[in-house]
Visitor: 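Got a structure for you, questions after.
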Amino acid sequence: MKFDLHIHSCYSKNLSGEKIFGPSSKSMPEDIIKTAICNKIGVIAVTDHDNVEGGLRTYELAQRKFKDDILVIPGVEVSSKDGHILAYNVYKDIPKGLPIEETLDLIDEAGGLAVAAHPFNLKYSINKKLATKFKNRLAAYEISNSRSLANGRAMEYIKARNYAFTVGSDAHSLAEIGLCYGQLDQRVNDVREFWDAIQSKKVSFVHTYDKRLIQRAITVGTSTFLYWKKIQIYHALGKSVFLPYLEKNVEE
Ligand SMILES: [Zn+2]
Ligand SMILES: [Zn+2]
């Protein structure tokens with residue numbers, strides 16, 4: 001039974017600045033579910049950046065229309081100050097920008113399970129020191145992520161310690177869903193059985209990179225450069241600089 005526990009939807013925040021770049025994926029929940037089913041993936045999670053809405057919509061839609069075909073686990077990818085943490089089985093937002101310890105506390109309080117996303121990657125990832133320090137608080141580590149350049153190091157670290165692991169494509173488009181996937185030895189019928197299988201390490205995985213990595217690196221590099229240029233211009237004009245997501249919180 002295949003699973004992909006790291007997919008982004010059109011509800012995902014853009015880490016480079018929402019107002020200029022829009023959501024970081026254009027994938028709609030229904031299209032994500034149908035693409036996963038076509039790829040024979042039996043378990044998925046939509047884990048958007050700092051917003052649980054896409055995860056919940058996908059979960060609810062699956063409950064209503066695709067219950068016999070796929071198991072969807074609600075989730076979110078939290079931008080902690082120390083790196084991205086995937087939170088599963090959560091039904092509300094976990095605030096971004098907090099130290100990892102506080103982030104893990106909030107995930108616990110929400111009844112969720114925390115998984116280290118793309119560990120040891122250059123950007124947005126926890127380092128080895130933190131991975132080790134919080135080993136008892138992390139339900140698992142992401143051993144393979146199609147967008148990470150540190151899969152080899154993550155694999156070596158996790159295998160040497162026999163830690164539980166998950167796998168995620170980190171798909172920001174429909175075409176990337178299932179690029180990386182985990183394989184369970186047994187069929188699972190619900191979320192509990194799924195996490196039991198992960199904890200008992202009855203899992204193998206297929207590890208594939210997104211072949212458009214260089215093309216994407218150029219796009220991300222250009223968009224980040226333009227974003228910083230905009231901030232410089234705003235600064236020169238004496239205008240207040242846009243801080244991602246802050247405005248929305250103030251309105252509420
Ligand atoms: Zn991430
Ligand atoms: Zn991600």
Side-chain angles (χ1 to χ4, degrees), residues 3-18 21-27 29 32 35-36 41 43-58 72-88 90 93-98 100 103-104 107 112-127 130-131 134 138-151 153-154 165-182 205 207-210 212-213 216-217 219-220 223-224 244-245:
F3 68 88
D4 179 351
L5 280 209
H6 191 154
I7 297 170
H8 291 274
S9 82
C10 55
Y11 296 94
S12 198
K13 303 279 188 194
N14 194 317
L15 297 173
S16 308
E18 190 87 345
F21 305 115
S24 61
S25 163
K26 293 187 177 73
S27 312
I32 291 173
T35 306
I41 299 171
V43 187
I44 60 163
V46 166
T47 51
D48 285 334
H49 295 300
D50 305 307
N51 183 8
V52 82
E53 192 175 350
L56 288 184
R57 281 178 185 259
T58 313
V72 176
I73 300 172
V76 64
E77 183 172 19
V78 189
S79 306
S80 91
K81 196 160 88 48
D82 302 305
H84 287 175
I85 302 292
L86 295 158
Y88 297 103
V90 290
D93 285 338
I94 307 288
K96 62 182 276 192
L98 298 173
I100 182 172
T103 307
L104 294 173
I107 295 171
L113 288 171
V115 172
H118 40 70
F120 321 140
N121 197 22
L122 295 174
K123 249 177 126 185
Y124 307 130
S125 309
I126 64 165
N127 58 29
L130 291 172
F134 293 103
L138 292 162
Y141 298 74
E142 204 174 54
I143 200 167
S144 183
N145 172 305
S146 291
R147 292 190 161 222
S148 175
L149 297 172
N151 288 316
R153 282 199 291 144
F165 62 82
T166 63
V167 184
S169 62
D170 208 348
H172 285 65
S173 64
L174 293 174
E176 293 167 69
I177 293 172
L179 258 179
C180 261
Y181 61 86
F205 63 96
H207 170 95
T208 324
Y209 277 107
D210 180 356
R212 288 157 300 168
L213 205 68
R216 221 185 38 248
T219 320
V220 171
S223 61
T224 309
Y245 325 129

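The structure displayed is predicted, hence computed values, not measured ones. Just follow the structure's listing: the first ligand is 1, and inside any ligand the first atom is 1.
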Visitor: Please work out whether the ring planes of Tyr124 and His84 are parallel, tilted or perpendicular, with thresholds of 30° and 60°.
Guide: parallel

Visitor: Tell me how many protein N, O or S atoms are closer than 2.8 Å to the Zn ion (ligand 2).
Guide: 4

Visitor: Taking side-chain contact (heavy atoms from CB on, under 4.5 Å) as the test, write out the residues that go with Ser125, two or more places apart.
Guide: His118, Asn121

Visitor: Measuring from Ile107:CD1 to Leu104:CG, what's the distance to the nearest 0.5 Å?
Guide: 5.5 Å

Visitor: Given side chains that start at C-beta, do those of Ser24 and His49 come closer than 4.5 Å, heavy atoms only?
Guide: yes

Visitor: The criterion is side chain to side chain donor-acceptor pair (under 3.5 Å); which residues satisfy it with Asn145, sequence neighbours excluded?
Guide: Glu142, Asp170

Visitor: Could you work out, with ring pair (Phe, Tyr, Trp, His ring centres under 6.0 Å) as the rule, every residue matching Tyr181, not counting sequence neighbours?
Guide: none

